[in-house]
2 protein chains.
Amino acid sequence: MTPARAPRADAVRNRKKILAAAGEQITAHGPEVGMDEIAAAAGVAVGTLYRHFPTKTDLVVAAVAAYVARVADDAETALSRVQAGAHAVDELTAFLGRVVEASVTDRAVKAAAQTLGAEPGDRGDEDRAGTAVAALIRAGQADGDIHPDVTVSDIYLLFSTAPTDQPSAARARWLALVTPGLTTRARQAGN
Amino acid sequence: MTPARAPRADAVRNRKKILAAAGEQITAHGPEVGMDEIAAAAGVAVGTLYRHFPTKTDLVVAAVAAYVARVADDAETALSRVQAGAHAVDELTAFLGRVVEASVTDRAVKAAAQTLGAEPGDRGDEDRAGTAVAALIRAGQADGDIHPDVTVSDIYLLFSTAPTDQPSAARARWLALVTPGLTTRARQAGN
DNA sequence: GAATAAGATGAACCATGGTTCACCATCTAT
DNA sequence: ATAGATGGTGAACCATGGTTCATCTTATTC
């Protein structure tokens, strides 16, 4: 067992800067930003990135984890509104809409979603999000508004297929087209 | 005006081989296949590819056009079935399902779909597909089964977001979730 | 069956972008 | 203050993959 003496102060500092920069850059330009750009944004050299994260994938995963946390917060907030009396269906679709809308700016969230759907993940934020969404669904089902067979993975499935690169109008239309699949009521007119 | 004497026989032959090979390769491995591989499959050298198509994009577009034709055929067949008495909604959703299912094997179709949604295209197959789908929609609306505000671009929108890389079960589920957005009836139980 | 233009060839080129590593700087423990 | 390991640097490396071009081949024409 390596007792592993405490990491150096500047190393900790840099790690944070890197994570923050990676987040910003990925948010702005998607996961395909170059390591050089992330390094520059963090005010470090490329080599430093590799000291902290063995591969680019590792870095992206780590950075994206922050956005999963954001989604989890959003879901929990929505849930608390429901517990305060708001309609669950409305909150759920609004949540879906917000997350989709957010993923336009934060292209990374989309990647995060795929992570969500992909692996069980290492506990934490993913669970929080899942739990909150599940509660949201259950509440809506209790109201009789959400179809009984809807599950959390349905939400992830839909979210992972959201038309991120399409114009705002298309995204709104998409949400309108997709919502009836979750609810028990037939579609209303208009969008 | 260059009278442009007829192109050489082998040039014509090669052009066909290239198009065919590009189709196969893209179908098998998606639009990201290397030019080398396409050339090899066609039994030609890379340079020949570039003699016929100035850039890779041009080649892909040309190759993908063939798949647009396939989709158009499918849509027209579905339409003819409706005219023979079949239910329009059923044909439309089945069509959507088939195309999605097909795009698992033919990853290229997906690219084709994005092309469809993107530019007006140079007439032809895209129009055929659009016309057939439009007729399908109109028929379904006449039956009162399809929501009055559904348009052809809705179909394209949905198709372009289909979960191509997900397992079969997920794709089926997706179709079930998405269908109610097109119809006037509320969701049924099960998937 | 030359002559010649159209076409084919594929090694080489180049840009991109992730990754490495020999060397330098800095923090921390004594 | 100093040793020495931990961390940082960034030019260079390498793999990938699209694109070019000088050269050779072959179909067509007279």
Side-chain angles (χ1 to χ4, degrees), chain A residues 1-65 107-108 111 114-115, chain B residues 1-65 107-108 111 114-115:
Chain A
M1 300 262 109
T2 44
R5 72 165 53 137
R8 255 166 57 173
D10 58 344
V12 181
R13 207 180 315 133
N14 276 336
R15 184 169 240 275
K16 275 182 191 151
K17 285 201 296 182
I18 291 172
L19 236 18
E24 289 169 24
Q25 292 305 107
I26 294 177
T27 295
H29 315 117
E32 55 276 356
V33 269
M35 290 296 259
D36 296 349
E37 296 173 74
I38 296 178
V44 230
V46 243
T48 307
L49 262 53
Y50 283 91
R51 179 171 294 280
H52 289 278
F53 304 94
T55 176
K56 182 183 178 179
T57 304
D58 294 313
L59 173 56
V60 172
V61 167
V64 138
R107 307 255 311 273
Q114 256 131 14
T115 303
Chain B
M1 300 261 109
T2 44
R5 73 163 58 130
R8 253 167 58 170
D10 57 343
V12 182
R13 207 180 315 133
N14 277 336
R15 182 169 242 274
K16 275 181 190 151
K17 286 201 295 182
I18 291 171
L19 236 18
E24 289 169 23
Q25 292 304 109
I26 293 177
T27 295
H29 314 117
E32 54 276 358
V33 269
M35 290 296 259
D36 295 349
E37 296 173 73
I38 296 178
V44 230
V46 243
T48 308
L49 263 53
Y50 284 91
R51 178 171 294 279
H52 290 278
F53 305 93
T55 176
K56 182 183 179 178
T57 304
D58 293 313
L59 173 55
V60 172
V61 167
V64 138
R107 306 253 312 273
Q114 255 131 15
T115 303

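Lettering follows sequence order; numbering is per chain, from 1. All values below were derived from every heavy atom in this structure, side-chain atoms included, with hydrogens, water molecules and symmetry-related copies excluded.
- At whole-Å resolution of the value, CG in B:Leu49 and P in D:dG17 are 15 Å apart.
- Of the residues near DNA chain D, B:Glu37 and A:Asp10, the one whose nearest nucleotide (by heavy atom distance) lies more toward the 5' end is A:Asp10.
- Checking the phosphate oxygens (OP1, OP2) of D:dG8, a side-chain nitrogen or oxygen of A:His52 falls inside 4.0 Å.
- Inter-residue side-chain proximity for A:Leu59 and A:Met35 is flagged as met; some heavy-atom pair is nearer than 4.5 Å.
- Atom CG in A:Asp36 sits about 13 Å away from atom P in D:dT9, given to the nearest Å.
- Nucleotide C:dA6 holds its P atom 17 Å from the CZ atom of B:Arg15, rounded to whole Å.
- Shortest non-hydrogen contact noted between A:Leu19 and A:Ala62 is CD1-CB, 4.0 Å.
- Computed from coordinates, the B:Phe53 CZ to C:dG7 P distance equals 13 Å when rounded to whole Å.
- Summary of the strand contacts: A:Arg13 and A:Val33 both lie near DNA chain C, and taking for each the nucleotide with the nearest heavy atom, the more 5' one is attributed to A:Val33.
- Within the 4.0 angstrom heavy-atom criterion, base atoms lie near A:Gly47.
- Between A:Gln25 atom CD and A:Glu32 atom CD the span is 12.0 Å, to the nearest 0.5 Å.
- Here the P atom of nucleotide C:dT19 and the CD1 atom of A:Ile38 are 11 Å apart, to the nearest Å.
- Residue-to-nucleotide contacts include no donor-acceptor pair under 3.5 Å from the side chain of B:Arg8 to the base of D:dA27.
- The separation between B:Tyr50 atom OH and D:dT19 atom C1' is 5 Å, rounded to whole Å.
- Side-chain proximity of A:Ala11 to the nucleotides C:dG10, C:dA8, D:dG7 is greatest for D:dG7.
- The minimum heavy-atom distance linking B:Tyr50 with B:Thr55 is given by the pair CE2-CA, 4.4 Å.
- Proximity of B:Thr48 to the phosphate of C:dG7: no side-chain N or O atom is located under 4.0 Å from OP1 or OP2.
- Distances were taken from every side-chain heavy atom of B:Lys56 (C-beta onward) to each of C:dG7, C:dA11, D:dG18; the shortest belongs to D:dG18.
- Atom CE in B:Met35 sits roughly 19 Å away from atom P in C:dC14 (whole-Å rounding).
- When the side-chain nitrogen and oxygen atoms of A:Asn14 are compared with OP1 and OP2 of D:dG7, none of them lie within a distance under 4.0 Å.
- In this structure, B:Ala21 and B:Ile38 approach most closely via the heavy-atom pair CB-O, 3.9 Å.
- Considering only side-chain N and O atoms, A:Thr55 lies under 4.0 angstrom from the phosphate OP1 or OP2 of C:dT19.
- Counting only heavy atoms from C-beta on, B:Arg51 has its side chain closest to C:dA8 among D:dG7, C:dA8, C:dT19.
- Nucleotide C:dG7 holds its C1' atom 13 Å from the NZ atom of B:Lys17, rounded to whole Å.
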